[in-house]
Number of protein chains: 2
Amino acid sequence: MRILYIEDEKLLADAVKHLLEKSDIAVDWTDDGEEGLRLAKKPLYDAIVLDIMLPKMSGLEILEILRKSGNKTPIIMLSALSEIEDKVKGLELGADDYLAKPFKTSELVARLNALNRRPPLREEKLLKFADLRYNPENRTLNGEPLTEKEGEIIKMLLESKDKTVQKDYILGRVWGGDMVSEDNYVEVYVSYLRKKLKKINSRVIIKTVRGLGYKLIDPEAE
Amino acid sequence: MRILYIEDEKLLADAVKHLLEKSDIAVDWTDDGEEGLRLAKKPLYDAIVLDIMLPKMSGLEILEILRKSGNKTPIIMLSALSEIEDKVKGLELGADDYLAKPFKTSELVARLNALNRRPPLREEKLLKFADLRYNPENRTLNGEPLTEKEGEIIKMLLESKDKTVQKDYILGRVWGGDMVSEDNYVEVYVSYLRKKLKKINSRVIIKTVRGLGYKLIDPEAE
DNA sequence: GGTTATTTTAAGCTAATTTTAAGGTTTTGT
DNA sequence: ACAAAACCTTAAAATTAGCTTAAAATAACC
């Protein structure tokens, strides 16, 4: 197991690092919040141990930024016993566990192991509309695999529910900005998507809004 | 039931042996760590009761050697109440239970019986999916030995069950963070893994999700 | 220090996806 | 109704991602 340890008390950090390494846990340590955040973004760690009081950038800030960017690495917060408020805040922001200082290293080891025994609990973020379920994780629409462009487009349509998505907007988002504006790209892929909707027997149709773009329609609604 | 009891306090050992035998538990006793290890390797015992403080070789060492060699005999650790660190370490190394000295023999009897009623806790460390069993302890997939990288990758796939694991994520975790991004590493090893899946006649296939990563599929599910 | 196992590098190959292009259909304005 | 514009569909060509192998480099082992 490899963890990132962000802590500004060097003496404590050294001791903890040493003890964790005896328990076969590799530790990368930094005393700097910004540096910590940079490292934390790499998909390298099984867990992050995060002190709340840090120079430059507080542990809570780091936690918040990571979670908002979709990072789901298990995080254990550390802080002085008094800072109860922080505990609540931390767990709210998506920390996985909390340990008050001073703590026994064995306790930390036990919690790290506990965290990593259970699989990382990332929630399913399925996009839904009528009888459609799009899973961006593996790019499947009701089980049917989509290509990258197909996926991008259906995602935009699903995110807008039954609002119209402009063709130019799709073009810009899916094919970089400086396209030699080829509306036909979008048309080709909408055509492919319609074929796949038929294939999976969905009742949803992609309606063309002439001059504007496309929108999803559920004929059974209304 | 027959157990191996490794304990250097002869007086205590005699008493415990006597009492256990009255509860219909056969006891082989040794006061020597090395001798104990030799005996423990025989597939002869339903359980091993292991004192931590031993001459020549500590109980934790014995435990570690046994578990690393794949031995799954249930083990109960004994130690003085104070040695809390040892408790954590012991359970981590794969001990099945822990008893602080001094203890009541009836308590030991109860725990031995409990251990032999439930299947060895060890099982849970195996990663399973369909007909696959991966043992990270000795890095074998249904008995077939894997290399380190192969093991890391199959572990990640197994931990994610049938979710897609991104190629970049694998790259980051298996080959350090700042790689000269070589997707081909992952491709080569996935290829090796597929060869091994065929070799062990598993029905599981590693499906490619183009542009994203890989996931395990059990064709017999669905 | 030599042998074996593992990892990295590289290259040719295959298959999937994307782009291009052309001909057909529908809609809209006059 | 007719022409023009917008859109649809399809298939082929082009491109890209991924697969597989084998050889070279490195690490592990005795």
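Keep in mind that what you see is a predicted model, and the values were worked out from it rather than measured. Protein chains get the first letters and strands the later ones, always in sequence-line order, with residue 1 at the start of each.
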When you check the phosphate oxygens OP1 and OP2 of [N], does a side-chain N or O of [X] lie under 4.0 Å from one of them?
{"X": "B:Lys167", "N": "D:dA17", "result": "no"}
{"X": "A:Thr208", "N": "D:dA6", "result": "no"}
{"X": "B:Ser191", "N": "D:dT20", "result": "yes"}
{"X": "A:Tyr185", "N": "C:dT20", "result": "yes"}
{"X": "B:Thr147", "N": "C:dT6", "result": "no"}
{"X": "A:Tyr214", "N": "D:dC8", "result": "yes"}

[N] [atom2] sits how many Å from [X] [atom1], rounded?
{"X": "A:Asp168", "N": "D:dA6", "atom1": "CG", "atom2": "P", "result": "11 Å"}
{"X": "A:Leu193", "N": "D:dT9", "atom1": "CG", "atom2": "P", "result": "12 Å"}
{"X": "B:Lys215", "N": "D:dG18", "atom1": "NZ", "atom2": "P", "result": "16 Å"}
{"X": "A:Trp175", "N": "D:dT16", "atom1": "CH2", "atom2": "C1'", "result": "16 Å"}
{"X": "B:Asn184", "N": "C:dG12", "atom1": "CG", "atom2": "C1'", "result": "12 Å"}
{"X": "B:Leu197", "N": "D:dC19", "atom1": "CG", "atom2": "C1'", "result": "15 Å"}
{"X": "B:Ile153", "N": "C:dT8", "atom1": "CD1", "atom2": "C1'", "result": "13 Å"}
{"X": "A:Tyr192", "N": "C:dT20", "atom1": "OH", "atom2": "C1'", "result": "10 Å"}

- Task: Classify the side chain of A:Asp183 and the base of D:dA6 as holding, or not holding, a donor-acceptor pair under 3.5 Å.
- Result: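 No such pair is found, so the answer is no.
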
- Message: Please determine whether any donor N or O and acceptor N or O are separated by less than 3.5 Å between the side chain of A:Arg210 and the base of C:dT26.
- Response: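 Answer yes: a donor N or O sits under 3.5 Å from an acceptor.
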
- Message: Using the side-chain heavy atoms of B:Lys149, tell me which of these nucleotides is nearest: C:dT7, D:dC19, D:dT10.
- Response: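 When the side chain of B:Lys149 is considered, C:dT7 is the closest of C:dT7, D:dC19, D:dT10.
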
- B:Val188 side-chain proximity, nearest of C:dT20, C:dT6, C:dA10: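 Taking heavy atoms from C-beta onward, the closest nucleotide is C:dA10.
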
N-O pairing of [X] and [Y] below 4.0 Å:
{"X": "A:Glu187", "Y": "A:Lys167", "answer": "yes"}
{"X": "A:Glu152", "Y": "A:Arg173", "answer": "no"}
{"X": "B:Arg38", "Y": "B:Glu35", "answer": "yes"}
{"X": "B:Asp32", "Y": "B:Lys56", "answer": "yes"}

- Message: Closest-nucleotide mapping onto DNA chain D: is B:Gly211 or B:Lys195 further toward the 5' terminus? I mean the 5' end.
- Response: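 Closer to the 5' end of DNA chain D: B:Gly211.
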
- Does any N or O in the side chain of B:Arg210 come within less than 3.5 Å of the main-chain N or O of A:Thr147, such that one atom is a donor and the other an acceptor?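 No, the answer is negative, given that no donor and acceptor are paired below the 3.5 Å cut-off.
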
- With heavy atoms under 4.0 Å as the rule, sort B:Val190 into base, sugar-phosphate or nothing.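 The answer is nothing, as B:Val190 stays clear of every strand by at least 4.0 Å.
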
